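All figures in this text were calculated on a predicted structure; none of them were measured in a lab.
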Amino acid sequence: ALIHKPKILLLDEPTTGVDAVSRKEFWAMLGKLKAEGITIFVSTPYMDEASLCDRIALIDKGEILSVNTPKGIMDLFPHKLFGVSAPNSFSLLNHLRTLPFSEGAFLFGQEIHVTTSNKEITCESFQELLSTNGFVNSTVKQIEPTVEDCFMQLMGNSKE
């Protein structure tokens, strides 16, 4: 695809099934191509890869939800976001989804991201509520949203 020095390169999920080291090397190559003036369009299911792009379009079921820079998308996140963890994350996840102020709770690695538009909720009040409900070894911190958090919020299926 690069032998003839294209002006535009279209890539459809180029790193699906590729190991983490090769993915990193591939994106470093794309950075070099961009520096040479090649325009690159990439479709990817990986939000960390989308975050490396200059502009992204978040799409769900064929509908464009947002087009912006990664920072622009994250800056428009309308809610407070908390990172919550506890030893029994599955039970915690199910509990977090039942809280009246929870507008979304999703597992992100070792942490559960909880979205709320309730401005009254603080880390301390959240922690106290969890302790009262039996999650005494939990931790709560307010965090900045990622592109993936924004995508989940834009999809609107936060309680499913």
Side-chain angles (χ1 to χ4, degrees), residues 11-28 30-31 41-160:
L11 302 170
D12 183 20
E13 298 186 9
T15 61
T16 299
V18 175
D19 66 273
V21 173
S22 297
R23 280 178 66 203
K24 186 174 182 177
E25 290 172 353
F26 180 81
W27 279 90
L30 291 183
F41 287 89
V42 180
S43 69
T44 179
Y46 304 122
M47 295 297 144
D48 61 323
E49 289 185 354
S51 298
L52 299 172
C53 298
D54 293 335
R55 291 185 62 77
I56 56 178
L58 298 176
I59 302 171
D60 181 40
K61 298 177 185 130
E63 179 184 342
I64 296 176
L65 304 175
S66 181
V67 178
N68 207 326
T69 64
K71 183 179 179 337
I73 286 174
M74 292 182 287
D75 286 347
L76 293 173
F77 192 76
H79 306 296
K80 283 177 105 172
L81 184 63
F82 293 94
V84 183
S85 58
N88 190 346
S89 58
F90 183 71
S91 293
L92 176 60
L93 176 62
N94 287 331
H95 177 70
L96 292 170
R97 287 179 171 169
T98 67
L99 297 175
F101 63 82
S102 172
E103 296 177 26
F106 295 96
L107 193 58
F108 281 75
Q110 300 298 314
E111 204 171 55
I112 299 169
H113 290 192
V114 180
T115 305
T116 182
S117 59
N118 185 332
K119 304 289 186 217
E120 306 293 317
I121 303 297
T122 64
C123 290
E124 295 76 19
S125 63
F126 201 157
Q127 182 78 53
E128 187 177 315
L129 176 66
L130 291 177
S131 293
T132 302
N133 286 283
F135 296 97
V136 291
N137 293 322
S138 60
T139 59
V140 177
K141 60 185 177 186
Q142 191 165 350
I143 59 175
E144 294 297 318
T146 64
V147 169
E148 190 164 358
D149 290 306
C150 297
F151 181 61
M152 298 302 287
Q153 187 270 327
L154 288 166
M155 282 181 21
N157 62 357
S158 57
K159 290 240 183 191
E160 295 176 13

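- Glu103 and Ser117 share a donor-acceptor pair across their side chains, judged by distance under 3.5 Å alone.
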Please list, one pair per line, the donor and acceptor atoms closer than 3.5 Å that link side chains of residues 62-72 to other protein atoms, with sequence neighbours excluded.
from	atom 1	to	atom 2	distance (Å)
Thr69	OG1	Gly72	N	2.8
Lys71	NZ	Asp75	OD1	3.4
Lys71	NZ	Asp75	OD2	2.7

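- Taking 4.5 Å as the limit, every side-chain heavy atom of Phe90 sits out of range of all side-chain heavy atoms of Leu92.
- The salt bridge (charged side-chain N to carboxylate O under 4.0 Å, His left out) check on Asp12 picks up nothing, with sequence neighbours excluded.
- In summary, the aromatic rings of His113 and Phe106 are positioned with their centroids too far apart to meet the 6.0 Å limit.
- Using modelled atom types, one finds a donor on one side chain and an acceptor on the other under 3.5 Å when comparing Asp19 with Ser22.
- Counting only residues at least two apart or on different chains, the ring pair (Phe, Tyr, Trp, His ring centres under 6.0 Å) pairs with a member in residues 114-134 are Phe82-Phe126, Phe101-Phe126.
- At least one side-chain heavy atom of Leu99 sits under 4.5 Å from a side-chain heavy atom of Leu129.
- The shortest side-chain heavy-atom distance between Ile73 and Ile56 falls under the 4.5 Å cut-off.
- For the 3.5 Å distance criterion, the side chains of Asp48 and Ser51 fail to qualify, holding no donor opposite an acceptor.
- There is no side-chain donor-acceptor pair under 3.5 Å between Glu120 and Ser125.
- No more than 12 heavy atoms of other residues, nucleotides or ligands sit less than 6.0 Å from atom CD of Glu128.
- Side-chain contact check for Met74 versus Glu144: every heavy-atom pair is 4.5 Å or farther apart.
- In this model, no donor atom of one side chain and acceptor atom of the other lie less than 3.5 Å apart for Thr115 and Gln153.
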